[in-house]
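When a residue number appears, it is its place in the shown sequence, counting from 1. Quick caveat: nothing in here was measured; it's all calculated off a predicted structure.
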Amino acid sequence: MQREGKPLPEASLPFHRAMPSMTHMALVELEKAGILKFIISQNVDGLHLRSGIPREKLAELHGNSFMEVCPSCGVEYLRDFEVETIGLKETSRRCSDVKCGAKLKDTVLDWEDALPTKEMLPAEKHCRMADVVLCLGTSLQITPACNLPLKCLRGGGKIIIVNLQKTPKDKKASLVIHGFADKVIAGVMNLLNLRIAPYVRIDLLQVIITQSLSLDERYVNWNLRVASVHALKAPLPFIKSIEVSFTDAQKYKAAVLHDQPFNLKRRTAPAEAFEILLKLNFSDGCGCPSIQINVPVNFKVSSDCFNLDKESAIQNLKERAIQDLCCGQNALIERKVILEPKTEVANHALVTNIKAFNSDSWSNGDVKHPRGVNGTKTSRKRSFGRKRKSRF
């Protein structure tokens with residue numbers, strides 16, 4: 001299955017907040033039902049992974065602008081921000097495996113880069129094995145990817161093309177539908193009696209409190225930092241500003257942090273315990289304007305650490321968000337204590353977006369054919385508007 005460049009309703013949002021479409025989420029349900037075996041994508045927006053497609057069932061031929069990879073051990077890191085380089089270059093971060101530590105590289109190909117065998121080999125294999133190759137929202141003009149669907153024909157497979165305009169491969173297809181991918185997929189889901197689950201976006205951050213005694217040992221100098229879990233200097237693109245207040249407003253002065261990295265330095269008596277209230281103001285494109293996290297502070301730091309079942313905690317967050325059909329839920333998923341210097345790190349998961357889909361409204365509507373060519377949603381980094389020279 002190949003999907004390239006269908007324009008999504010969120011195209012006007014900041015790129016890092018683009019959300020999976022109805023088609024993305026329908027494909028997830030088709031995969032869970034055992035109908036969809038594999039996806040081949042020419043997009044670099046990472047939305048198939050965000051939607052919930054397993055990595056082993058996805059070939060991203062041109063890379064993923066939100067992904068870094070370790071060239072030494074092969075570990076992939078999906079980020080909540082766009083990686084700053086393209087062309088398989090080194091980034092500013094290293095592999096988090098203590099036995100490795102190699103410099104990471106981006107995964108987005110530049111124009112003259114060959115398509116990676118790691119992605120092309122399984123893509124070719126699944127096309128040869130496929131009973132049906134469904135081409136959604138692709139012009140089928142970018143080589144060599146546009147020739148992959150043809151590989152199913154030799155084994156008796158069929159090609160179905162869904163695109164607003166004609167493609168060079170229409171004559172090879174068993175069925176051609178000139179229409180919107182979302183509308184066609186909505187009809188398929190209704191016929192199969194499959195429900196399209198809402199998309200829930202969960203982002204992570206860490207709250208770090210570091211303390212040290214003043215020279216006269218009368219006060220504790222402490223520093224609050226709200227940072228990305230990906231790296232201390234990595235951006236938090238979903239946060240616009242942070243309002244910091246305290247439960248005892250008479251003793252502690254509130255502050256508003258506008259600039260990243262978000263840092264606040266204060267001095268407090270050693271025996272005092274209090275609570276910091278963090279109001280996180282989200283960036284444009286998030287599903288709600290803000291949420292509040294309460295951070296208890298006690299400078300008699302214990303050595304207790306805990307690491308909850310992150311998958312269960314995140315699943316519970318998703319279920320709560322779907323039940324309420326709103327975002328803003330959050331949960332503490334990990335706490336670490338470092339004794340020198342005295343530091344407490346708390347990792348939080350936040351529901352920053354939720355989007356529900358009604359396939360009935362799409363499948364029963366009228367199709368309108370816009371003028372011009374089928375648009376392509378791309379990253380601001382690059383556009384795949386011309387044919388690629390393949391070295392594969």
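Residues forming a side chain to side chain donor-acceptor pair (under 3.5 Å) with K172 (at least two apart in sequence, or on another chain): none. Remark: K89 engages no residue in a salt bridge (charged side-chain N to carboxylate O under 4.0 Å, His left out) (not counting sequence neighbours). R320 meets the side chain to side chain donor-acceptor pair (under 3.5 Å) test with no other residue; sequence neighbours excluded. The side chain to side chain contact (heavy atoms under 4.5 Å, CB included) test applied to V244 returns L224, I242, F246, L257, L264, I276, L278, not counting sequence neighbours.
Remark: the T352 side chain and the D203 side chain contain an N/O donor-acceptor pair separated by less than 3.5 Å. Side-chain atoms of Q329 and D324 form a donor-acceptor pair, as typed in the model, at a separation below 3.5 Å. Using a 3.5 Å distance cut-off with no hydrogens or angles, the side chains of N281 and S241 do pair a donor with an acceptor. Defined by atom type and a distance below 3.5 Å, a donor-acceptor pair is missing between the side-chain atoms of N347 and K336. For the residue pair T210 / W222, no side-chain donor-acceptor distance below 3.5 Å is found, with atom types taken as modelled. Side-chain contact annotation: H48 with S51, donor-acceptor N/O pair under 3.5 Å absent. No side-chain N or O of E90 forms a donor-acceptor pair with one of T85 less than 3.5 Å apart. For the residue pair S96/Y77, the side-chain donor-acceptor check at 3.5 Å is satisfied.
Proximity of F38 to C127: side-chain heavy atoms (C-beta onward) are nowhere separated by under 4.5 Å. The shortest distance between side-chain heavy atoms of V337 and T343 does not fall below 4.5 Å.
In terms of modelled atom types and a separation under 3.5 Å, the side chain of R79 and the main chain of F66 share no donor-acceptor contact. Without hydrogens or angle criteria, R225 side chain to L232 main chain gives a donor-acceptor distance under 3.5 Å.
Note that the CD atom of E29 and the CG atom of L36 stand 11.0 Å from one another [nearest 0.5 Å]. Between M189 atom CE and I196 atom CD1 the span is 4.5 Å, to the nearest 0.5 Å. Distance CG/L30 to NZ/K37: 11.0 Å, rounded to 0.5 Å. Summarising the geometry, atom CG belonging to L134 is positioned 9.5 Å from atom CG belonging to L175; distances are rounded to the nearest 0.5 Å. Within the model, atoms OG1 of T23 and NZ of K183 stand 12.5 Å from one another, a figure rounded to the nearest 0.5 Å. Here R93 contributes atom CZ and D106 contributes atom CG; the two are 10.0 Å apart, rounded to the nearest 0.5 Å.
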- Item | Intermediate values then yes/no, side-chain contact (heavy atoms from CB on, under 4.5 Å), Q260 and L236 | CA-CA 8 Å; Q260 298 194 34; L236 283 170; 3.7 Å; yes

- Task: Apply the test side-chain contact (heavy atoms from CB on, under 4.5 Å) to residues K318 and V351: give CA-CA distance (whole Å), side-chain angles for both, the deciding distance (0.1 Å), then the verdict.
- Result: CA-CA 8 Å; K318 287 184 178 180; V351 177; over 6 Å; no

- Item | side-chain contact (heavy atoms from CB on, under 4.5 Å) evaluation trace for Q211 with E344 | CA-CA 9 Å; Q211 60 166 298; E344 182 174 326; over 6 Å; no

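No single ILVMFWY cluster, assembled from side-chain heavy atoms under 4.5 Å apart, contains both I208 and F262. Cluster membership check: I160 shares its hydrophobic cluster with I35, using side-chain heavy-atom separations under 4.5 Å among Ile, Leu, Val, Met, Phe, Trp and Tyr. A continuous path of Ile, Leu, Val, Met, Phe, Trp and Tyr side chains, each step under 4.5 Å between heavy atoms, connects V28 with M22, placing both in one hydrophobic cluster.
K105 and L88 make their closest contact through CD-O, 3.4 Å (heavy atoms, listed as atom of the first residue, atom of the second, distance). Taking both residues in full, the closest heavy atoms of S139 and T167 are given as O-CB, 3.5 Å, listed atom of the first, atom of the second, then distance. The two residues E60 and G46 come nearest to each other via the heavy atoms OE2-CA, 4.0 Å. Here the closest non-hydrogen pair linking D170 and V176 is O-CG2, 3.8 Å.
Residues F81 and H230 bring their aromatic ring centres within 6.0 Å.
Around CG of L215, the count of heavy atoms belonging to other residues, nucleotides or ligands within 6.0 Å does not exceed 12.
Applying the under-4.5 Å side-chain rule to Ile, Leu, Val, Met, Phe, Trp and Tyr, the cluster around M129 consists of that residue alone.
Sorted by first and then second residue, the salt bridge (Lys or Arg N to Asp or Glu O under 4.0 Å) pairs involving residues 209-221 (not counting sequence neighbours) form an empty list.
Put simply, the residue from L58, V108, L78 that forms a side chain to side chain contact (heavy atoms under 4.5 Å, CB included) with N64 is L78.
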